Amino acid sequence: MIAFQLLINALALGAAYALVALGFVLILNATGAVNFAQGDLVMAGGYVAIALAPLLPVPALLLLPLVLLVMAVLGLLLSALAYFPLLARPPSAVFISTIAVGIVLQNGANAIFGAAPRAAPPLLGAGDLALGGIVLSRQSVAIIAVASLLVLVQHLIISRTQFGRALRATAQDREMARAIGIGANAMIAASFALGAALAGAAGLLLANQFFVTPTAGSDLVVKAYIAVAIGGWGSLWGAVAGALLIAVFEVGVSSVLSYTAAAAGLYAALLAILVIRPQGFFGEAAQRRA
Amino acid sequence: MALCLRSSRLAGIAIAMAWTSCIPLARAQAIDIPILVPLTGFLSLEGQSQRDGALLALTQAPGGIATRHRVFDTATSPEVAVNALEKALEDRPLAIVASMLGTQMLAMMPVAQDAKVPLVTISGTAKITALGNPWVFRFFPGDSVVKVAHARYVAEVLGKLHPAIIYQSDAYGQSGLEYLTKAFAARAVAPVLSEGVDVSVKDLLPVLSKARAAGADVIVAHLHAPSTALLVKQAASSGGPPIVAGSAMATPATAALLEPAELRGVCAETASAPNVPDTPAGERFLADYRAVYRSDPDTYALAQYDGTMMVLDAIAKGARTSEALRAALAGESFTGIAMRYKSDGTGDMAHSAMIVCYDGASRLPKVVRRYDDVDAPK
Amino acid sequence: MKRLRDRVTAWLGDGLNAPLLLGAFALAAYSLLAGSSYSLRLMSVAGVYALLTLGYQFIFGQAGALSLAQGTFFGCGAYVTGILGSQLGWGFSATFPLSLLAPVLLAGLVAAPVLRLESHYFALATLGIGQVMLLIAVHWQVVTGGANGLAGIPGIVLFGATLPRGLPLLATIWGIVAFAALFARLLTCGAWGLAFTVVREDPLAAAASGIDAAALRFAAFLLSALYAGAAGALYVHTILVVSPEVLEFPVMVAVLTMAVIGGRARIAGAILGAVLLVHLPEWLRFVGGTYLVAYGGALLFFIVLAPDGLVGAAELLLARLRPARPGVPPAAIALPPRVACAPVLAIDDLAKSFGGIAAVAGVSLSIAPGEIVGLIGPNGSGKTTLVNLVTGLYRPDRGAVRLGERALAGLPPAAIARAGIGRTFQNGNSLEAMSALDSVATARLAVGAALAFRRVLRPVASRRTLALARGEAMHCLELLGVAAVAMQRCRALPYGTRRRVEIARALALQPAVLLLDEPAAGLDGAEQDDLARRLGELAQGGIAILVIEHNMDFLMGLAQRIVCLDRGRVLAVGTPAAIRRDPDVLTAYLGAAPGQPA
């Protein structure tokens, strides 16, 4: 019984991590740059939900499209401030610009909302579901459902639409995409919008059950980084799988051994994977020059 | 924008800035008491309470003392705290309201000793008063007090002999664990589980299920506000033994994260519960605090208010040098709103703690037990 | 007297110019005059970060690897001083060397599995090591003091007296910074500077030049750990406590930011970045509650304004104000004669598949000294793959490569290059700012022992070696007829010229075998003839040459023998004339129209 509850919790956490990792990898593919502000975008998404909630007293599920929209705009702003001015520059410049944006977001949230942890409204309403003796948190189930839906929608957009094809073409070879008439810069901006929107969704999902504080994002970007690395650099499904794996590993190890063992184990396992398989757990999706 | 203005923190900042802006006029005879607390980073919640309490006291200085106070953020590292301290020391302050982050205190103490300026803090880290530095004064009961009260309530009042200790795996938590373990050992209680939880951990079901599997009859928590709220929320949903938490659970910010029903039966140790005052002075403090910050004070705000008040009281009585002030703090006693403060010779001023519990009907706790003049088993 | 001057220039370099000296004096004057305990403290802390960032410039700036372990090495040094100083009461003279040693040992220990990882995996692995160290610091309470850390660490004791805080401590720290900066300069202004540039900007060219990138990266990793250890120890003596914050990620982020904002791979950049970033949040305190928002905004402003760092921007500005005249090329010095007799390159049953598709499926081939062999075949027939297998860029699935008696298959590419196999790439190198001369000289340095650590440490001798290498490089450029562009930057050269510079670079290895990938592409008729003549002369000198080429006319006059590949196999071998008539070749490669290959 408890094992099932633990599994649901792990999946809920993993689903939210997956959204973070997906956003991270979308921006990574489009720009080749690591967005260190990805975790802080998640945090920002949580606060956007909290700021909107008193204006629109509806369940968070109905708030979600609005949060996605606001966060997409924030993503565009991020690309305009921190990426496009550095377009033809060394990637290290983009590290620093995204780190700087992260500092602004964190301390901005601290100044506006204060340091106290805050909770966003629940997705569908609080409380538990009882299913034949198994008590499930309504919120956990809702997180899994909403995150799965978003991953699916994102997959359909990327794989089935003209827009998604243009996005993929840009990610694979920017010059080639330009040559065949794709507005590569527009596609990069769109990737930032999509990546930030997914981060915002994760923020909304996490901020009810797990609360949000201005510093909550710093841990998530590392999780996303690990998820993307073990999932195969550049692979979308790999990022989702990596995120779920991390959450199941953490909850699993911490329920049997301890949280410290889970944290140490995660990094030890990561190092072992990198030593044994230097190209990531599932192999690399991004192309390399040979 | 309406949303921003509603934030009490912004109001606090606005007040701080208004105060700092009138400094030049009063500079001549004003007494300088800078406030050096963490306002950014993971401890900014507690740091802001510290600042709010200290600022309120400085604006209510007795005996018509003109005070000047600047607020410095110490962030999260010892380095920034010492930088801020050196900056503050440039204007020869009479005393300093100092960070509750133990590692920052440890770094600031030698510098303050060289400069001969008293540090007035509410840091719980046991070590800061154990190093023989005569310039440190702690107005919050240390773990050697509150953890004894914590353990006594669990063992003696609740009669639970199989506690599971869940602590934050940081400086705050490790110190709490040490004193809880000692206090339980002195009462022949052997915890069935002790587990550290990092502040970034989100899912607390694993440790709760381990506690249940280990046969715990009570959960003794020693966690910061977010982890405490996560623990109580998870426990309310998955059931389990009752929770007696650390002082974070007694703060309004933590209670605000939970539904009253989720709080039913949850208890916490704390130095004071200023949002449920039981004296006229306490009620006045609550009203004043609400008027300025538009939110309820927590135990940290009150402790720092009391500490700052004792400093101001000593100044009003004539302690106009740092040395005179140090002597007054070390020798005199002071009746604050939360308790009576008197140094035990090491700079530890607070020796009382209490236990509060939530009844499940509201987010306001009730005081169920007081422990005065507690001393840790040495 | 002249010897002394040589020695001083060797140590200080001739690029140590007025602005840098002025900057150093400004810092010294500020420290002496500012006087307040607060500004002295900030400058001391800035000195510690300058030292840390100087070290980081080795692995991140010079070697170009995004290491996230610099903060970990820093924390490691800090904890060694903290633990030994406060728990055991050891003095500075014992704790300081050990604080330097411990991170270097740690770096050496993790280097083997970690350094071979590609960029992002390397970053993540170094991050993982840091997290494990942090967990140890927090949880091994008996030794580390747990999350609270350790207090009561003694100050620096020199000559029996404890160094007081303030100016003496600051002077000591900045004295060490100055020494460390000079040492870094000594290491990176000569042979290593060139080699690191190639490793960082074009790893493939580095391998083809015979540069042992792994060894250089290893050295850079250890050096960065050494500097970090020193910085950690000094940090603890400044702050007087050590706590897990020194191992946390913000320290790493700070160093990375300092290196990039100051100027990557620049010594002055490390110092400027550290001084600026330590002071910036303090300067911004006047803003009030949102001062860190302003700090983030300022960082963004700096990086957008100067993406190559402040020093990089200053250099750019200076170059615009006073365009540098190209230097005078050195006189050519003939290469020393190769001692070994010219061996035969023998390729035996070499095979390689990618994802189940055989790119090269059992090719055997040998080239004698003095022989020029053409390698043709349709696109995707495995020509370049074959060259990559021979030069070690790919590890063959089976088969052998022998140069004379020596088996080469399985050796690292740089070792194969040094063994006497030179090659060029289809696209040429991507070295941007390096001069044509230096790109060739680097290969000369790699062939000799000039890149060995103990050689680099001897500044006078090392400068002489560098001058010799440049002279010899000049000779190689002359052999290819491109001596006139010696002092121009590679990126400024026309395509055809760049290809010749590359051949000169391969020649600098004094190779027994040259493998040239489409050397005639982009050349007009006259240039092709000239190149063919020069290659012929090289072959007469005893070098075996393999030329991948689509241009049959170019090969006709040049090659004695042509090998045609198709789908990874040798389809035909013969004289150019015979190959032109070979029906198999015609169908597979030339299509229906004989004599007019694409």
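Since we're looking at a predicted model, the values are computed, not measured.
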Using a cut-off of 6.0 Å, state whether more than 12 heavy atoms not belonging to C/Phe354 lie near its atom CZ.
-> yes

C/Leu256, part contacting chain A, at a heavy-atom distance under 4.5 Å = both

What distance separates C/Thr126 OG1 from A/Leu274 CG, expressed to the nearest 0.5 Å?
-> 10.0 Å

Below 4.5 Å from any heavy atom of chain C, which atoms of A/Val228 appear? Answer side chain, backbone, both or neither.
-> neither

Interchain contact, A/Leu266 with chain C, by part (heavy-atom threshold 4.5 Å) | neither

Starting at CG of A/Leu270, measure out to CD1 of C/Ile129 and round the result to the nearest 0.5 Å.
-> 9.5 Å

Most contacts with chain A, counted as non-hydrogen pairs under 4.5 angstrom, among C/Val304, C/Ile136, C/Val138 = C/Val304

A/Val94, part contacting chain C, at a heavy-atom distance under 4.5 Å = neither

Looking at C/Ile261, C/Val110, C/Thr257, which has the largest count of heavy-atom pairs under 4.5 Å with chain A?
-> C/Thr257

How far does CD1 of A/Ile99 sit from CD1 of C/Ile303, to the nearest 0.5 angstrom?
-> 9.5 Å

If you count heavy-atom pairs under 4.5 Å between each of A/Leu105, A/Val104, A/Ile96, A/Leu86 and chain C, which one has the most?
-> A/Ile96

Greater than 12 external heavy atoms within 6.0 Å of C/Arg395's CZ | no

Name the member of C/Leu124, C/Val132, C/Leu299 that forms the most heavy-atom pairs with chain A at distances under 4.5 Å.
-> C/Leu124

Among A/Ser92, A/Ala268, A/Ala263, A/Pro85, the residue with the most heavy-atom pairs under 4.5 Å to chain C is A/Ser92

Taking atom CH2 of C/Trp283 as the centre, does the number of heavy atoms from other residues, nucleotides or ligands within less than 6.0 Å exceed 12?
-> yes

Please walk me through it: do A/Asn107 and C/Tyr295 pass side chain to side chain contact (heavy atoms under 4.5 Å, CB included)?
-> CA-CA 10 Å; A/Asn107 291 289; C/Tyr295 172 69; over 6 Å; no

Short question: side chain of C/Arg116, backbone of A/Val275 - any donor-acceptor pair under 3.5 Å?
-> yes

Considering all heavy atoms, the nearest C/Gly296-A/Ala100 contact | O-CB, 3.4 Å

Most heavy-atom pairs under 4.5 angstrom with chain A, which of C/Ala123, C/Pro113, C/Ala294, C/Pro307?
-> C/Pro307

Pick one of side chain, backbone, both or neither for C/His139, based on which atoms fall under 4.5 Å of a heavy atom in chain A.
-> side chain

Give, as side chain, backbone, both or neither, the part of C/Leu134 having an atom under 4.5 angstrom from any heavy atom of chain A.
-> neither

Portion of C/Phe60 that has a non-hydrogen atom of chain A nearer than 4.5 angstrom = side chain

What's the spacing between C/Leu127 CG and A/Leu271 CG if we round to 0.5 Å?
-> 9.5 Å

Could you look at A/Leu81 and say if it's the side chain, the backbone, both or neither that has a heavy atom under 4.5 Å from chain C?
-> both

By a 4.5 Å heavy-atom criterion (distance strictly below it), what part of C/Leu66 contacts chain A: side chain, backbone, both, or neither?
-> side chain

